[in-house]
Amino acid sequence: MKPVPKFRLHRFSAVELLIALALLFFFFPFVEEVKGGDLIVSLLLSLVLLSAVLAVSDRRSVLLTALVLAIPAIAGRWINDVRPDLVPPAVFLIAGLLLVAFVVVNLLRFVLRAPSVNVEVLCASISAYLMLGLMWTMAYWLVDQLTPGAFSFNTNAGKQSMNGFNAFYFSFITLSTVGYGDITPVSRIARWLAAMEAMTGLLYVAVLIARLVALYSIPKSDES
């Protein structure tokens, strides 16, 4: 009697995840203000989240956990777009935060356990960095929803809230430790999040470069 084969998924390439992230980042600032732009952003964000789920789901347990987190995040986002009175933004933001954090952990585990550097490892490394920025985007947006006035806007241009692109912009400016000063965290939790993101951005680059250099320096064994 033949043994029952174990369930194992084919890993969705991190290249596709990186492409989905690139599409979201490129179109986000241009489509948000146009008619129907929120739906386009929701479509691109859903594509990113689904690609992220497939990119890390190489085992049944990982797939089930990712799906449990992805369904309320994606469904909540779409319902909020169509009927904002039914689902507040906090619902899909919390679910999205948990999903993105889960994906980042699994991407980093894949990178740190990789035996050598290849295109897949490089794309997973870049995707994890971009997903970190997306995670803090949701965190700032959530804080602004729960505690209005947590951020101070030192400019009169654009919306005076952290909804959508403002949170995205502030997140990646903080992650790269640029800090233009046009948006300032005021509340204690907002300042704590900004400080944690800045430290994460610095440590990520330092640790990642060290790991990739170490992997590249390991001599490749001859294939048998």
Side-chain angles (χ1 to χ4, degrees), residues 8-34 36-59 62-63 65-67 69-78 81 92-93 95-139 141 164-176 197 200-201 204-205 207-209 211-212 215-216:
R8 188 172 182 83
L9 289 174
H10 174 69
R11 172 182 284 275
F12 194 68
S13 174
V15 177
E16 283 81 1
L17 173 57
L18 185 57
I19 292 173
L21 284 166
L23 290 174
L24 173 65
F25 290 7
F26 179 80
F27 287 107
F28 199 170
F30 303 108
V31 302
E32 191 179 38
E33 300 297 332
V34 303
D38 288 341
L39 295 179
I40 299 176
V41 172
S42 295
L43 179 62
L44 294 173
L45 182 59
S46 299
L47 177 63
V48 167
L49 296 181
L50 288 174
S51 299
V53 169
L54 294 175
V56 300
S57 297
D58 57 344
R59 301 189 308 276
V62 176
L63 173 63
T65 303
L67 286 176
L69 298 173
I71 290 173
I74 297 175
R77 169 72 191 196
W78 281 99
D81 281 340
F92 71 80
L93 289 174
L97 265 172
L98 295 175
L99 173 61
V100 174
F102 180 78
V103 169
V104 169
V105 168
N106 281 275
L107 285 174
L108 291 179
R109 185 184 65 176
F110 170 71
V111 172
L112 295 176
R113 291 182 177 181
S116 61
V117 179
N118 54 29
V119 174
E120 184 78 6
V121 172
L122 290 176
C123 288
S125 304
I126 299 171
S127 296
Y129 183 80
L130 297 179
M131 293 292 281
L132 279 173
L134 190 60
M135 182 177 71
W136 259 281
T137 297
M138 297 178 180
W141 189 350
F165 182 72
N166 281 345
F168 174 87
Y169 161 78
F170 180 73
S171 175
F172 281 92
I173 289 298
T174 305
L175 186 65
S176 58
E197 184 177 20
T200 300
Y204 184 92
V205 173
V207 173
L208 181 67
I209 291 178
R211 175 57 179 165
L212 293 180
L215 287 177
Y216 187 78

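Source: prediction; values computed, not measured. The basis for the numbers below is simple: all heavy atoms, side chains too, and nothing from hydrogens, waters or symmetry mates.
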Nearest-0.5 Å distance that lies between atom CG in L132 and atom CG in L108: 6.5 Å

Flag side-chain contact, heavy atom, 4.5 Å: V111 against L107: no

Over all atoms of both residues, closest heavy-atom pair of A73 and L49: CB-CD1, 4.3 Å

Validation row: L50, I74 side chains within 4.5 angstrom (heavy atoms): yes

F165, CZ atom: more than 12 neighbouring heavy atoms under 6.0 Å: yes

Results of side chain to side chain donor-acceptor pair (under 3.5 Å) for S46 - residues two or more places apart only: W78

Interatomic distance, L67 atom CG to L63 atom CG [nearest 0.5 angstrom]: 4.5 Å

Shortest non-hydrogen contact from A167 toward T137: CB-O, 3.5 Å

All side chain to side chain contact (heavy atoms under 4.5 Å, CB included) counterparts of L18, not counting sequence neighbours: C123, I126, S127, L130

Atom pair CD1 (I19) and OG (S51), whose distance is rounded to the nearest 0.5 Å: 9.0 Å

Those residues that, when tested against F170, pass ring-ring contact (aromatic ring centres under 6.0 Å, His included) (two or more places apart): Y140, F151

Shortest non-hydrogen separation from M138 to L97 and the atoms involved: SD-N, 3.6 Å

Nearest atoms (heavy-atom pairs only) where A124 meets A14: N-CB, 3.7 Å

ring-ring contact (aromatic ring centres under 6.0 Å, His included) partners for F102, two or more places apart: none

Set of side chain to side chain contact (heavy atoms under 4.5 Å, CB included) partners for D81, sequence neighbours left out: D38, L39, S42, R77

Distance, nearest 0.5 Å, that separates CG of L93 from CG of L98: 11.0 Å

Atom pair CG (N106) and CZ (R59), whose distance is rounded to the nearest 0.5 Å: 7.0 Å

pair V53-L99: side-chain heavy atoms closer than 4.5 Å: yes

Y129: ring-ring contact (aromatic ring centres under 6.0 Å, His included) partners, not counting sequence neighbours: Y204

Nearest heavy-atom neighbours spanning G133 and S171: O-OG, 2.6 Å

Side chain to side chain donor-acceptor pair (under 3.5 Å) against W136, all qualifying residues, sequence neighbours excluded: none

Closest heavy-atom pair and its distance - L45, L24: N-CD1, 4.1 Å

Residues forming a side chain to side chain contact (heavy atoms under 4.5 Å, CB included) with L112, sequence neighbours excluded: R211

With sequence neighbours excluded, residues passing ring-ring contact (aromatic ring centres under 6.0 Å, His included) with F25: F168, F172

